[in-house]
K.L.:
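Pasting a structure here, questions to come.
Since the model is a prediction, treat every value here as computed from it, not as a measurement.
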Amino acid sequence: MFRFLERAENTARLIEAGFRIALTRSSDAESEWQSVIITSAVQPQYDARYDGYDSTRVTDFLLRDPDNPGSVLSVMKMARDNARLVRTALTTEVWSAVNETWMLFCDLLREPVPETELPHVLATIRQQSALVRGALHGTMLRNDIFDFCRLGTFIERTDSTARIIDVKYYALLPAPTFVGSRIDNVQWETLLRSVSGHRSFRWAEDGEFNAPNIARFLILDRRMPRSLSFSVAQIVDNLSYIAEEYGTRMPCHDLADDLRARLKDRDIASIFEEGLHEFISSILQDTARLGLQIEEDYRFNR
Amino acid sequence: MNTPGQFFDEMRDGAQARTPYSDYEAWFAQQNTDRLARKSQEAEAFFRRTGITFNVYGASDAEERLIPFDLVPRILSSREWTKLSRGIDQRVCAINAFLNDIYNRQEILRAGIIPVDLISRNEAFLPQMMDFSPPGEVYTHIVGTDIVRTGENDFYVLEDNARTPSGVSYMLENRETMLQMFPELFSRIRVQRVSDYPKNLRRSLESSAPASCNGRPCVVVLTPGIHNSAYFEHSFLADQMGVELVEGHDLRVVDGHIAMRTTKGYKVIDVIYRRVDDEFLDPLTFNPTSMLGVPGIMDVYRAGNITIANAPGTGVADDKAIYSYMPDIIEFYTGEKAILKNVQTFRCSEPGALRYVLDNLADLVVKEVHGSGGYGMLVGPAASRKELADFADKLRARPGNYIAQPTLSLSTCPIFTGADLAPRHVDLRPFALVSPSGVNITPGGLTRVALTEGSLVVNSSQGGGTKDTWVLED
C-alpha cells in the first residue's frame, strides 16, 4: 500500500519537473515528455495508445488513465483497496487520510486536468502524500506493520530514483576535461527537480553543478532522503527491525545487505569506472529481486 | 494632468496590440474576468504564505507589507532586449572603469572631464579606498540599472544603482507566481528564463574571490537583520544560492581573514555579498557606533584577503550629480558613444541651471543628489503652489544638493483592475552581474508600476506595485 502511495507521489514530482522544463526551456518539451514516460516505465502502454509526446496526453496518461496501471488514479485505487483489506492494522488517522486522499483524487481527476489547473493538482497530490505520511509517523505503533509500511515506501523510492538516473545517465557522465566542463547541462535541472532536490543540492557539501557531484548526490549522499544510498539504508534498517521482532533472518535480508554493500563506502569515481549505466541497471534488477523475495519470505503472495 | 494617448503604451498602438503583446492579448481576450480576479487573490495569498514581504520605515501600523503584484506581464521583444542589454553592459563596464580610476590615478579628473569638487566633496567617496584595487578590479558585482521608456525606440537610464540594488527576489518570485497561476501562457508564449539568476550570482561572486583563496571560495550574504526592509530578499538570495546568511556579530577577524561563527568553530570566508551600507560596514573605519558591521574588515579588505560585493565607495558612481556626466564617462573609458540615453539633467549647483530650474519648477522633477527610494523629491506637475514655493526655498538654500530633470512621459503598460485593463506608468530595473570573467545580464528584470492613475512614482515604499517582466525568445 505504501509502495503505491510513494509511487503516486513520485509520478507527481516527475510530471512537475517535466512540466516546468517544458514551460521554461522551449526546445526540449517533446523529448522531455518522452523521458518522463520512459522513467515511469509505461512506454509500451503509452505508445500503444498515442503517437507523439505532449503535455496534455502525457499528463492525462500518467494522472488519470484507468488503462495505465501506474497512473496516479490507478495506484491510488490500489492503495485504498489495500488499506481497506488491512483496515484493522491501521490507525483511524492513517485510514482516513488514505481514504480521504482517494476520494479527493477521484474528484480532482474526474475530468481531464486543464493545463491551467495542473500546478494546483500536482501540489494537492504532494500535500496529500505528506498528510498520509504524517499520520503514519504520528500515530502508528512501531511494530512490524509500521516496518512493512516503511519498507514498501523505500523499495519504491529506490526503484524510482534509479529509474530517473537510468533514463538520463548520459547527462551524468563526467565531461571530457579539455574545454568548458562547467557548461550547464539542461538535464541536470530535470534530474534534481524530479527528486525535489534542486534546493538541497545547493546546500549539500559542495553544491557545485557538475556531473560527478550531481551523480554522487543522487546515488551516494546519505543526507538526501531520495538518494539510492539513503533509501537502501532505510530498507536494511526496516528489515532488521522485522528480523529482530520475528527472531529470524530470511533470504531477503542477505539480498538487502548485498545491495547495501554495493553503495556503502563507494566513491563516485569507482562507479563511473564500473560504468554508470551498468551500475544503475544492476541496482534496478537487484531492487526488483529484493521486492519479490520480501513478498515470498513474508507470504504476501496469495 | 495628462490625458491617455499622450503616452507610449507598450501593449496597444491605438486599437491594435503591439507585436510583443499580440499572443498575450489573444489569450487575454478569451479570459473570464472573474477567474482573473480570483487569480489575483491567489497571487496575494501565495506571496503571504511564502513570506515575500517588506517593511516600510516610519510606518507604525502593519509591520510587514506585501508589494502589490499585478498579473499582466510587461513584455519586451528579444530585439528590444538585445539593445537594452548591450547598453547596460557598456554602462556597467564604464562604471567599473570609472571607480577603478577615481580610487587610483584619477585620470578623468586630470583630463578635466569631471570637476574635482564633485568627487572630493562627495559623501559617498571613501578616501579609505584610495590606491587599492579590489580582487579582480571589480567594484560593482551587482548593478540594477533603472530604465524608463518614452517611445518605441526611446529608452533612458534614470539611475545606475551601483551600491546595493534590491528587488531581484521579486523578479524571481513574480515569475514563479506567474508559472503557477498561468502555466498555459508559458506553453503558448516562449519567454526567456530568469531562474538561473541565483546560480549565476553565486558563480559570479565565487569568481571574484581574492587571488589568495585556495579551493572553492566560501560566500556569505551579510544582512543588517530581520528589521531591515529588504530582509526577505537577503534570506531568499542566501537560500537560493545555498550559502549562509550572516549578521555582523557572526563575523570576526581571525588571523588576518574574516571568519564566521559556526557550530564547528570559526570558518574562513572569502566573499561577502553585503546588504549593509558602507557607513556601517566597519566601526573602526566608518561609523563607530555601528553594530551591523565587522570591526577590522577594512584592514582585511585592503590586505587582499576578502572580497566585498559591492565594494565600499561605489556610491560615488550612482550619485545623481555624477549621473549627469555619465555619457562623458562612458565615452572616456570605452571610446564609444553611450548606447542608452541619459535623461537631460540640470545641476542646480550651476547658477544658470538653478535659474532655469526655479523659473520652470512646475514642469520639472527635482531630486536630492544623494537621495533614493523616491523620498525628498518634488514632482513639479503634481505639486501644489505652496509645495512649489516651499521647495524653491530649499533649492535656494542648498542648490548643490539638487538636480532637476524634465518630467518624462513614461510609457504605460496595462494593469488588471479587477474588471478591466487600465494603463499605468512603468519603469524597469534589469540586473547585471559583473565578475572578472565578464558581465551577465538576466533577460528581464523588475518592472515597477505606479498603481494610481496618472502617478509617475513607482517606488514600492510609495505605493508602487510590480509585474513579471518577459523577454520573448526569438
Side-chain angles (χ1 to χ4, degrees), chain A residues 15-30 32-33 53-59 112-124 126-127 180 182-186 188-190 192-193 197-210 213-214 217 223-224, chain B residues 27 30-32 35-36 38-39 42-43 45-46 49 78 172 175-203 206-207 215-219 236-245 437 440 443-444 470-474:
Chain A
I15 297 174
E16 207 159 36
F19 191 50
R20 186 176 173 101
I21 301 299
L23 293 184
T24 56
R25 314 233 181 202
S26 54
S27 52
D28 310 310
E30 169 140 21
E32 200 47 58
W33 285 122
Y53 301 86
D54 63 44
S55 87
T56 317
R57 287 182 290 179
V58 170
T59 52
V113 179
E115 206 175 17
T116 48
E117 293 305 313
L118 193 55
H120 167 69
V121 168
L122 295 175
T124 310
R126 269 192 289 103
Q127 273 165 19
R182 283 265 304 238
I183 287 172
D184 277 337
N185 190 318
V186 183
W188 295 346
E189 189 187 341
T190 333
L192 290 171
R193 281 189 184 273
H198 53 290
R199 179 191 176 276
S200 30
F201 178 77
R202 289 192 296 261
W203 280 97
E205 198 174 353
D206 194 13
E208 192 174 349
F209 283 81
N210 61 39
N213 277 353
I214 294 172
F217 184 66
R223 300 163 300 178
M224 158 64 186
Chain B
W27 171 86
Q30 299 165 352
Q31 299 306 305
N32 159 326
R35 172 172 180 257
L36 289 178
R38 207 170 56 241
K39 288 281 178 190
E42 271 175 41
F46 175 80
R49 194 169 61 233
S78 99
L172 295 166
R175 177 63 54 82
E176 288 302 319
T177 308
M178 288 295 279
L179 276 166
Q180 287 286 320
M181 289 199 306
F182 304 112
E184 75 274 20
L185 269 174
F186 292 89
S187 61
R188 283 194 190 192
I189 305 173
R190 293 294 167 205
V191 181
Q192 297 190 32
R193 251 176 313 130
V194 297
S195 55
D196 289 339
Y197 180 85
K199 195 162 70 180
N200 291 336
L201 173 60
R202 182 161 175 187
R203 275 192 191 159
E206 283 177 352
S207 62
R216 189 158 198 222
C218 175
V219 178
F236 175 83
L237 287 175
D239 181 56
Q240 292 283 309
M241 283 195 285
V243 305
E244 296 296 340
L245 177 67
S437 33
N440 175 305
W470 293 3
V471 176
L472 302 182
E473 291 191 357
D474 260 336

K.L.:
Side chain, backbone, both or neither: which part of B:E42 has a non-hydrogen atom closer than 4.5 Å to chain A?
P.N.:
neither

K.L.:
Tell me the side-chain hydrogen bond (donor to acceptor under 3.5 Å, both in side chains) pairs involving residues 112-121 of chain A, sequence neighbours left out?
P.N.:
A:E115-B:S187

K.L.:
Among B:Q192, B:Q240, B:R188, which residue forms the greatest number of heavy-atom pairs with chain A at distances under 4.5 Å?
P.N.:
B:Q240

K.L.:
Is the shortest side-chain heavy-atom distance between A:E189 and A:H198 below 4.5 Å?
P.N.:
no

K.L.:
Could you have a look at B:L185, B:I189, B:L179, B:V194 and say which one has the most heavy-atom pairs with chain A under 4.5 angstrom?
P.N.:
B:L179

K.L.:
Quick check, are the ring centers of A:W188 and A:F201 under 6.0 angstrom apart?
P.N.:
no

K.L.:
Keeping the roles fixed (side chain from B:E176, backbone from B:L172), state whether a donor-acceptor pair exists under 3.5 Å.
P.N.:
no

